[in-house]
Amino acid sequence: MSRFWSAVVHGLTPYVPGEQPKLANLVKLNTNENPYGPSPRALEAMRAELGDSLRLYPDPNADRLKEAIAEYHGVKPAQVFVGNGSDEVLGHTFLALLKHDAPLLFPDITYSFYPVYCGLYGVDYRTVPLSERFEIRVDDYMKPNGGIIFPNPNAPTGCLLPLAEIERLLEANADSVVVVDEAYVDFGGESAVALVDRYPQLLVIHTLSKSRSLAGLRVGYAIGHPDLIAALTRVKDSFNSYPLDRLAIAGAAAAMEDRAYFDETCRKVVATRNRLAGGLEEQGFEVLPSAANFIFARHALHGGAELTAKLRERSIIVRHFKNPARIAPFMRITVGTDEQCAALIAALKEILPA
Ligand SMILES: *Cc1c(COP(=O)(O)O)cnc(C)c1O
């Protein structure tokens, strides 16, 4: 605390990201990074960009990248907004589209950055409890609101809301912006991008951090009606006109174009996830159905904090959330390589009495 801080800063409760330990030889399964490297074509494109051109500012509109994203999703470039990680795209979205008189709605168990943005931008919000089975119940969102946001699949549960349910939500909320944060959709969901031409209030947000293995590059994007994109652009151009640097534009565009590598690595992650879920169940875990690159699981006899600490002693890092109390029994385990997941199962066999 400092007397030099503004009142806004005094009032903030910042997001706490998952740990990025500086130690080597860890089995790091705590922040949903992809165990496979980025597309070799993305790396090549970034190498080609490294040179004298870095003297010059990047394209403020990142047109090259917007075209690659539009092409991948079958939309028009005017329906695409790009930013420095989807966290930045989300931040602009809260200010540009979700700050209204009526409260914003989001699930009580969800991405914990949402209430942080509300705090930063003064967005009034209400949380809506998930069902007993940790599912989003669309009927609970059919009340007056100033916007709706949720990840699909949800984080940290991994549970997927079917596209037909999203459509039912959109039908009932024609006058408020509905944001679907699809950070994990490539690991088993159906994208709501298919609905943007029919629902002008729908904004779908993606990241290249998970399924395209570029968390270190910081690239995310939103797809929606050009009027929604224009609002985001107005905020961006009032904040930082050059959010994506030259390397990010080149690497991200090439990653979007390399479908073969993307399909292959997603397929491997999904196959490992399904094996890992089976292995955990054999060890006495209840595993929530996951459509993401992580698994949310609880043991019948041992708490999430205890198991997380014991795994850590064996150099395996997973994520545990103390709050809300309903999810304290769980661990969130990122799907790594088959070898990393086998190491996790072997460690649990040591920890848990047979
Ligand atoms: C990882 C994640 C993000 C942020 O992704 P970045 O593009 O790395 O900022 C956004 N939403 C959810 C639900 C996530 O899990």
Side-chain angles (χ1 to χ4, degrees), residues 14-20 28-35 38 42 62 65 69 80-94 98 104 106-118 120 127 130 134 136 148-161 166 178-189 191-193 203-223 232 236 239-240 243-245 248-249 251-252 255-256 262 266 269 273 288 290-296 318-319 321 327 330 332-335:
Y15 177 72
V16 182
E19 194 191 352
Q20 295 295 344
K28 188 177 178 308
L29 304 176
N30 68 328
T31 51
N32 299 341
E33 287 137 332
N34 197 310
L65 175 57
I69 292 167
V80 180
F81 177 83
V82 296
N84 188 231
S86 65
D87 283 341
E88 185 186 83
V89 177
L90 284 163
H92 291 343
T93 300
F94 275 71
L98 301 176
L104 172 69
F106 53 81
D108 62 339
I109 297 167
T110 195
Y111 189 32
S112 52
F113 222 135
Y114 299 161
V116 175
Y117 294 123
C118 289
L120 178 61
T127 58
L130 295 179
F134 298 94
I136 291 173
I148 296 170
I149 184 168
F150 56 90
N152 196 41
N154 196 10
T157 61
C159 297
L160 185 75
L161 188 65
I166 293 180
V178 175
V179 180
V180 185
D181 177 355
E182 294 190 333
Y184 302 104
V185 78
D186 299 321
F187 300 108
S191 177
V193 168
L203 189 76
V204 182
I205 298 184
H206 276 227
T207 174
L208 276 74
S209 297
K210 278 81 182 225
S211 57
R212 287 187 175 77
S213 200
L214 286 168
L217 197 63
R218 313 304 305 130
V219 182
Y221 57 89
I223 295 182
L232 296 173
K236 179 207 92 153
F239 180 79
N240 174 8
L244 291 192
D245 60 65
I249 292 169
M256 293 305 300
F262 166 75
C266 287
V269 169
R273 176 188 73 210
L288 297 191
S290 171
N293 69 335
F294 58 83
I295 274 178
F296 208 48
V318 301
R319 189 110 191 243
F321 299 91
I327 61 169
F330 286 84
R332 192 196 67 189
I333 305 165
T334 301
V335 177

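In this chain, residues are counted from 1 in sequence order. All ligand and atom numbering here is 1-based and tracks the order in the structure.
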- Query: L161 and F150: side-chain contact (heavy atoms from CB on, under 4.5 Å), yes or no, with the steps?
  - Reply: CA-CA 10 Å; L161 188 65; F150 56 90; 3.9 Å; yes
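- Panel note: side chain N30, backbone G18; no donor-acceptor pair is recorded below 3.5 Å.
- Remark: the T31 side chain and the K28 side chain contain an N/O donor-acceptor pair separated by less than 3.5 Å.
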- Please assess D245 against R218 for the test side-chain contact (heavy atoms from CB on, under 4.5 Å), listing each intermediate value before the final yes or no. CA-CA 10 Å; D245 60 65; R218 313 304 305 130; over 6 Å; no
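- Under the 30°/60° scheme for interplanar angles, the aromatic rings of Y15 and F113 are found to lie parallel.
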Tabulation required: pairs of a nitrogen or oxygen in ligand 1 and a protein nitrogen or oxygen under 3.5 Å; columns are atom names and distance to 0.1 Å; otherwise 'none'.
| from | atom 1 | to | atom 2 | distance (Å) |
| --- | --- | --- | --- | --- |
| ligand 1 | 5 (O) | S86 | OG | 3.0 |
| ligand 1 | 7 (O) | S86 | N | 2.6 |
| ligand 1 | 7 (O) | S86 | OG | 3.0 |
| ligand 1 | 7 (O) | T207 | OG1 | 2.5 |
| ligand 1 | 7 (O) | S209 | OG | 3.3 |
| ligand 1 | 8 (O) | S209 | OG | 2.6 |
| ligand 1 | 8 (O) | R218 | NH1 | 2.8 |
| ligand 1 | 8 (O) | R218 | NH2 | 3.4 |
| ligand 1 | 9 (O) | S86 | N | 3.3 |
| ligand 1 | 9 (O) | D87 | N | 2.9 |
| ligand 1 | 9 (O) | D87 | OD2 | 3.2 |
| ligand 1 | 9 (O) | R218 | NH2 | 2.8 |
| ligand 1 | 11 (N) | D181 | OD1 | 3.3 |
| ligand 1 | 11 (N) | D181 | OD2 | 2.7 |
| ligand 1 | 15 (O) | Y184 | OH | 2.5 |
| ligand 1 | 15 (O) | K210 | NZ | 3.0 |

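- Checked by atom type and distance alone, the side chain of D108 pairs as donor or acceptor with a backbone atom of L130 at under 3.5 Å.
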